2 protein chains.
Amino acid sequence: MSTSNIGVSASLHDHRLPMPVPVGEYERCPVTDVLRQVSDKWTLLLLTLLGRRPYRFNELHRAVEGISPRMLSRTLRTLESDGLVDREVFPTLPPSVEYRLTPLGVSLLEPLSALADWAVDHHAEIAAVRQRPS
Amino acid sequence: MSTSNIGVSASLHDHRLPMPVPVGEYERCPVTDVLRQVSDKWTLLLLTLLGRRPYRFNELHRAVEGISPRMLSRTLRTLESDGLVDREVFPTLPPSVEYRLTPLGVSLLEPLSALADWAVDHHAEIAAVRQRPS
DNA sequence: CTGAATCCTTTGGGATACTG
DNA sequence: CAGTATCCCAAAGGATTCAG
């Protein structure tokens, strides 16, 4: 049910996108909004991992390799506040916290997967085009 | 043909994504790479417009409303250097330049459209979750 | 173990002015 | 018309340190 306030509806048939933006009257676009959330440096990877199974904080910290505790925490909090990830605290000693995808988060993986497939299929082509001399 | 050098292949069936990242040996991920290109402030809108028909520079400038000549130029150049957009110069007086999607650019609209549909269908839900007290 | 706080650098992006 | 050049600001993100 793609009823929304953003101008034109999407059409998979002719490969158009819903009109996303302030082409006159709208200040923000939910599509760009979602795109920007998902496209920061670590979100995609975290969603990928959490799509497989729940993880604890330090498990993620080890799995991602390169992420700082600060960014891991920040990214997870954002995902949580967007309803894509659930955070469950076990009051053990030492404390343990588990993160898992919400149903909403799981539902996002499907369209994201389509885009990921495209990227995998075409990134060599893009890389080639980028390198050609001017 | 999702043959690539990035670990695990995608699976629409179980909604997993290809392993995107330096979980050990890879420094960059084509998926995140593509996501970041597409998710800057103006790219999605420009791709949307160009998905409908070719545009001239100032046509885009008027259509987008809010974009500066600088960002319009920069964004178009990036899209061009990634092989998503073609730029054709007509040596008229005054000069005229037309931008249109390449076949690669067109092919990107389909998976992007899937993600856009998801965003349209769920942005209200996300907005609601965000606002709930703590 | 699971973070929060602080500081710093890099990048994205807006405003304005100018040119072939 | 189709841009480029400059300057400036705000946001993203890394490094390091500290805490419950």
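Treat the numbers as computed from the prediction; the structure is a model and nothing was measured. Hydrogens, waters and symmetry mates play no part in the numbers below; they use all other heavy atoms, side chains included. Note on naming: letters A, B, ... go to the chains in the order of the sequence lines (proteins, then strands), and numbering restarts at 1 for each one.
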Minimum-distance pair of heavy atoms, taken over all atoms of A:Ser39 and B:Ser39: OG-OG, 2.6 Å
Using a 4.0 Å heavy-atom cut-off across all strands, classify A:Phe90 as base, sugar-phosphate, or nothing. nothing
Can you measure A:Asn58 atom CG to C:dG3 atom P for me and round it to whole angstrom units? 9 Å
Are any side-chain N or O atoms of A:Thr78 and backbone N or O atoms of A:Arg74, one a donor and one an acceptor, separated by less than 3.5 Å? yes
Reported CG-to-CG distance for the pair B:Leu35 and A:Leu112, which is rounded to 0.5 angstrom: 6.0 Å
Spacing between B:Ile67 atom CD1 and D:dT4 atom P, to the nearest angstrom: 13 Å
Using a 4.0 Å heavy-atom cut-off, does B:Ser68 contact any base of the nucleic acid, only the sugar-phosphate backbone, or nothing at all? nothing
Looking at B:Thr75, B:Val106, B:Leu79, which one forms a side chain to side chain contact (heavy atoms under 4.5 Å, CB included) with B:Leu47? B:Leu79
Which pair of non-hydrogen atoms, one from B:Val129 and one from A:Glu80, has the smallest distance, and what is that distance? CG1-O, 4.5 Å
Without decimals, in angstroms, what is the distance between A:Gln37 CD and D:dA12 C1'? 15 Å
From CZ of A:Arg62 over to P of C:dG3, roughly how many Å is that when rounded to an integer? 14 Å
Calculate the interatomic distance between A:Leu76 atom CG and C:dT2 atom P; express it in whole Å. 11 Å
Let me know the distance between CZ of A:Phe57 and P of D:dG20, rounded to the nearest Å. 17 Å
Evaluate the side-chain proximity of B:Thr102 to B:Val85: yes if any heavy-atom separation is below 4.5 Å, no if none is. no
Contact list (N/O, under 3.5 angstrom) for nucleotides 10-13 of chain C vs protein:
from   : atom 1 : to      : atom 2 : distance (Å)
C:dG13 : OP1    : A:Arg36 : NH1    : 3.3
C:dG13 : OP1    : B:Lys41 : N      : 2.9
C:dG13 : N7     : B:Arg70 : NH2    : 2.8

It should be established whether A:Arg56 places a side-chain nitrogen or oxygen under 4.0 Å from OP1 or OP2 of nucleotide C:dT2. yes
Name the residue closer to the 5' end of DNA chain C, choosing between A:Pro95 and A:Ser73 according to the nucleotide with the nearest heavy atom. A:Pro95
To the nearest angstrom, the CD-C1' distance between A:Glu65 and D:dG14 comes to 16 Å
Interatomic distance where NE2 belongs to A:His61 and P belongs to D:dT16 [whole Å]: 13 Å
Which ring pair (Phe, Tyr, Trp, His ring centres under 6.0 Å) pairs, counting each pair once, include a residue from residues 76-120 of chain A, with sequence neighbours left out? A:Trp118-A:His122
Give a yes/no on whether any side-chain N or O of B:Tyr99 is located under 4.0 angstrom from OP1 or OP2 of D:dG3. yes
